[in-house]
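Reviewing the structure listed below.
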Amino acid sequence: MSNSFPRNLIDGYIKYLKKGYVRYKETQEHLAVYGQKPDVMVISCCDSRVTPEGVFAAGPGELFVMRNVANLVPPYESTEGQHGTSAAIEYAVRALKVKHIVVMGHAKCGGVQAFRENANARTIDGDFIGRWIKLLEPAAIAMACMPVDKIDDPQLAMEYAGVRQSLKNLRTFPFVEEAIVGEELSLHGAWFDIGSGELRVMEPESEVFETAPSAAFMEI
Ligand SMILES: [Zn+2]
């Protein structure tokens with residue numbers, strides 16, 4: 001096993017210097033001096049196939065991104081512990097004052113799949129993942145009680161339910177609720193299909209996921 005820095009990352013960095021940095025040079029210099037002021041926070045999965053900056057074609061300074069296993073938001077807790085996701089949410093809402101938080105689920109989510117496959121046995125190996133994806137339990141219960149989606153795909157239904165639960169949990173953060181009531185913040189659900197590139201957006205009232213408008217693209 002080589003200890004050298006991954007070669008493909010160096011190659012990628014060289015490409016970035018030639019293209020990405022050149023393209024955003026002025027933006028990055030401005031951001032370095034004046035700081036970041038993104039309007040949107042995206043909470044997405046760690047999955048390497050789901051990149052918020054890629055899906056939304058966003059450059060530096062545009063998205064405040066938090067990625068974790070299965071794009072989950074835990075409920076507000078004041079217990080001791082390293083609440084990494086909650087810290088990012090707090091910073092986004094209280095310091096950056098983002099106007100939108102988007103929770104973006106995705107197809108073929110391994111975290112959701114692990115939860116489904118171990119729903120009864122809780123036999124997931126490892127010290128952390130099992131406990132983390134237990135956050136999906138209320139989502140599974142909510143889904144069983146009130147099946148919003150008339151779909152036969154249990155994996156997809158659980159991916160949707162996970163997004164809905166995370167949106168619900170976001171509202172347990174007092175500063176999030178306060179910002180929503182003050183009309184300074186809105187929450188959104190989305191789901192990305194890795195294979196087709198389709199983005200679905202959750203309609204806030206019905207909580208149904210619909211394909212995002214792409215007519216403009218289709219006309220090009
Ligand atoms: Zn995932």
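Counting starts at 1 for both ligands and their atoms, following the listed order.
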Indicate whether the side chain of S44 and that of N71 have a donor and an acceptor atom separated by less than 3.5 Å.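 Looking only at side-chain atoms, N71 and S44 do not form any donor-acceptor pair under 3.5 Å.
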Side-chain donor-acceptor pair under 3.5 Å between N169 and S166, yes or no?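 Not at all, the side chains of N169 and S166 share no donor-acceptor pair under 3.5 Å.
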Could I get the full list of ring-ring contact (aromatic ring centres under 6.0 Å, His included) partners for F175, not counting sequence neighbours?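 Counting only residues at least two positions away or on another chain, F175 forms a ring-ring contact (aromatic ring centres under 6.0 Å, His included) with F173.
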Roughly how far apart are Q155 CD and E117 CD, rounded to 0.5 Å?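 That separation rounds to 8.0 Å.
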By side-chain contact (heavy atoms from CB on, under 4.5 Å), which residues pair with K25, not counting sequence neighbours?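 Testing K25 for side-chain contact (heavy atoms from CB on, under 4.5 Å), a comparison that skips the adjacent residues, returns Y21, E29.
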Number of protein N/O/S atoms less than 2.8 Å from the Zn ion (ligand 1)?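 Under the 2.8 Å cut-off, the count stands at 3.
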Per the side chain to side chain donor-acceptor pair (under 3.5 Å) rule, what does the pair list look like for residues 31-42, sequence neighbours excluded?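 Side chain to side chain donor-acceptor pair (under 3.5 Å) check on residues 31-42 returns D39-K99.
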